[in-house]
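Below you'll find the structure, written out as structure tokens, and then a few comments.
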Amino acid sequence: MDLSALKAEIKDGLKTLENLDNIVTIFGGARVSCESKAYQSIMKLAQKLGAKGYSIMTGGGPGIMEAANRGLIQYKKTQSLMSPSARLKNHSVVSIGLNIQLPHEQQMNPYVEVPLKFQNFFSRKIVFNYNSTAFIVAVGGFGTLDELSEVLVLIATGKHKRIPIILYGKDYWKGFMQWLQCTMLKEGVISKKELELIQIANKPKKVLKILKKYQK
């Protein structure tokens with residue numbers, strides 16, 4: 001591992017994001033088809049978040065990541081003929097992508113306005129966690145589970161301020177939640193308080209309600 005490269009990636013990433021706020025990070029799989037229900041659902045969610053003044057940050061790749069970045073860009077395009085004050089608000093939300101260089105899957109999607117490229121997962125995770133307002137976790141595989149576990153550990157151990165962790169898609173996450181409740185909680189390896197760090201949503205309205213609650 002090149003420590004100088006790690007340092008440079010972290011420094012560049014934090015500097016790029018330091019003046020941005022209201023960033024919702026959306027995690028999800030690269031292998032999700034653009035024709036899928038999950039893709040369309042995340043695209044719609046990102047549009048709703050953009051309308052409420054939230055920027056979107058993803059891993060910058062295809063699949064769910066593309067859907068989130070694309071949804072925000074579509075929202076911005078529909079607002080292009082608004083009043084000057086509304087256009088100003090429109091420009092305050094940005095589509096961010098933290099792309100990891102892999103042998104396959106992870107080409108930067110075309111809907112990213114603020115691209116950051118990483119060679120290391122470690123530095124990328126630090127930048128993801130820097131100033132996110134919330135984490136939304138959608139359909140995904142091992143990488144998505146890794147990202148979810150990372151933020152759960154950081155918040156549960158007090159190494160990161162408490163912000164919403166929202167699993168998006170009840171059907172997809174139902175079995176996972178049952179395993180946490182019926183196996184991990186029952187065995188005493190996690191606490192009820194730690195389990196309550198996770199919330200589930202199936203509609204943009206529920207997500208916005210959770211975000212509003214944390215703003216108070």
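Starting from 1, each residue takes its place in the sequence as its number.
At a threshold of 4.5 Å between side-chain heavy atoms, the hydrophobic network of Ile, Leu, Val, Met, Phe, Trp and Tyr places Phe122 and Val127 in one connected group. Both Leu167 and Tyr214 are assigned to one and the same hydrophobic cluster, defined by single-linkage of ILVMFWY side chains at heavy-atom distances under 4.5 Å.
Partners of Phe27 according to the ring pair (Phe, Tyr, Trp, His ring centres under 6.0 Å) rule, which considers only residues two or more places apart in sequence or in another chain, are Phe128, Phe135. For Val139, the side chain to side chain contact (heavy atoms under 4.5 Å, CB included) test picks out Val32, Ala38, Tyr172, with sequence neighbours left out. Residues passing the ring pair (Phe, Tyr, Trp, His ring centres under 6.0 Å) test with Phe176 are Trp173, sequence neighbours excluded. Every residue two or more places apart in sequence or in another chain that forms a side chain to side chain donor-acceptor pair (under 3.5 Å) with Glu35 is listed here: Ser33. Remark: Tyr130 engages no residue in a side chain to side chain donor-acceptor pair (under 3.5 Å) (not counting sequence neighbours). Checked against side chain to side chain donor-acceptor pair (under 3.5 Å), Ser95 has the following partners two or more places apart in sequence or in another chain: Asn69.
Cluster partners of Ile73 are Tyr111, counting Ile, Leu, Val, Met, Phe, Trp and Tyr whose side-chain heavy atoms approach within less than 4.5 Å, directly or via other members.
Using a 4.5 Å cut-off on side-chain heavy atoms (C-beta onward), Glu196 and Lys192 make contact. Annotation: side chain of Met57 is in contact with side chain of Ser132 (closest heavy-atom distance under 4.5 Å). Side-chain contact check for Phe121 versus Ile100: some heavy-atom pair is nearer than 4.5 Å. Counting heavy atoms from C-beta on, the side chains of Leu211 and Lys52 never come closer than 4.5 Å.
The CD1 atom of Ile136 sits 10.5 Å away from the OG1 atom of Thr133 when rounded to the nearest 0.5 Å. Asn131 contributes atom CG, which lies 9.5 Å from atom CD1 of Ile163 (distance to the nearest 0.5 angstrom). Distance check, rounded to the nearest 0.5 Å: CG of Leu152 to CD1 of Ile190 gives 9.0 Å. Taken from NZ in Lys77 to CZ in Arg70, the straight-line distance is 9.0 Å, to the nearest 0.5 Å. Interatomic distance, Leu148 CG to Ile165 CD1, rounded to the nearest 0.5 Å: 6.5 Å. A distance of 8.5 Å separates CE in Met43 from SG in Cys34, rounded to the nearest 0.5 Å.
Side-chain atoms of His160 come within 3.5 Å of backbone atoms of Asn129 as a donor-acceptor pair (strictly under, hydrogens ignored). In this structure, Asn22 contributes its side chain and Ser55 its backbone to no donor-acceptor pair below 3.5 Å. Between the side chain of Glu66 and the main chain of Gly63, no donor-acceptor pair closer than 3.5 Å is present. Between the side chain of Ser41 and the backbone N or O of Lys37 there is no donor-acceptor pair closer than 3.5 Å.
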Walk me through whether Leu185 and Leu180 qualify under side-chain contact (heavy atoms from CB on, under 4.5 Å).
CA-CA 6 Å; Leu185 183 61; Leu180 292 181; over 6 Å; no
Could you walk me through whether Met177 and Leu195 pass side-chain contact (heavy atoms from CB on, under 4.5 Å), step by step?
CA-CA 9 Å; Met177 289 302 298; Leu195 187 59; 4.1 Å; yes
Assess whether side-chain contact (heavy atoms from CB on, under 4.5 Å) is satisfied between Val112 and Ile96, documenting all intermediate values.
CA-CA 6 Å; Val112 171; Ile96 309 161; 5.8 Å; no
Let me see the working for Ile23 and Tyr54 under side-chain contact (heavy atoms from CB on, under 4.5 Å), right down to the final yes or no.
CA-CA 6 Å; Ile23 298 174; Tyr54 291 102; over 6 Å; no
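The salt bridge (charged side-chain N to carboxylate O under 4.0 Å, His left out) analysis of residues 146-163, with sequence neighbours excluded, yields the pairs Arg124-Glu147, Lys125-Asp146, Lys125-Glu150. The list of side chain to side chain donor-acceptor pair (under 3.5 Å) pairs with a residue in residues 180-190, not counting sequence neighbours, is empty. Under the salt bridge (charged side-chain N to carboxylate O under 4.0 Å, His left out) criterion, no residue pair touches residues 127-136, with sequence neighbours excluded. Listed by first and then second residue, the salt bridge (charged side-chain N to carboxylate O under 4.0 Å, His left out) pairs that reach into residues 111-121 are Lys76-Glu113, sequence neighbours excluded.
In plain terms, the two heavy atoms of Pro62 and Gln107 that are nearest each other are CD-O, 4.0 Å. A pairwise comparison of heavy atoms in Ile64 and Ala138 identifies CG2-CB, 3.9 Å as the closest pair. Of all non-hydrogen atoms in Thr144 and Gly28, the two that sit nearest each other are OG1-C, 3.4 Å. Between Met108 and Pro115 the shortest heavy-atom distance is CE-CB, 3.5 Å.
The side chain to side chain contact (heavy atoms under 4.5 Å, CB included) test with Leu49 is passed by exactly one of Val93, Leu208, Leu72: Leu208. Exactly one residue among Val207, Ile200, Val137 makes a side chain to side chain contact (heavy atoms under 4.5 Å, CB included) with Tyr168. That residue is Val207.
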Would you mind writing out the side-chain donor-acceptor pairs for residues 9-21 within the sub-3.5 Å range, not counting sequence neighbours?
from  : atom 1 : to     : atom 2 : distance (Å)
Glu9  : OE1    : Asn120 : ND2    : 3.1
Glu9  : OE1    : Ser123 : OG     : 2.4
Glu9  : OE2    : Gln119 : N      : 2.6
Thr16 : OG1    : Asp12  : O      : 2.8

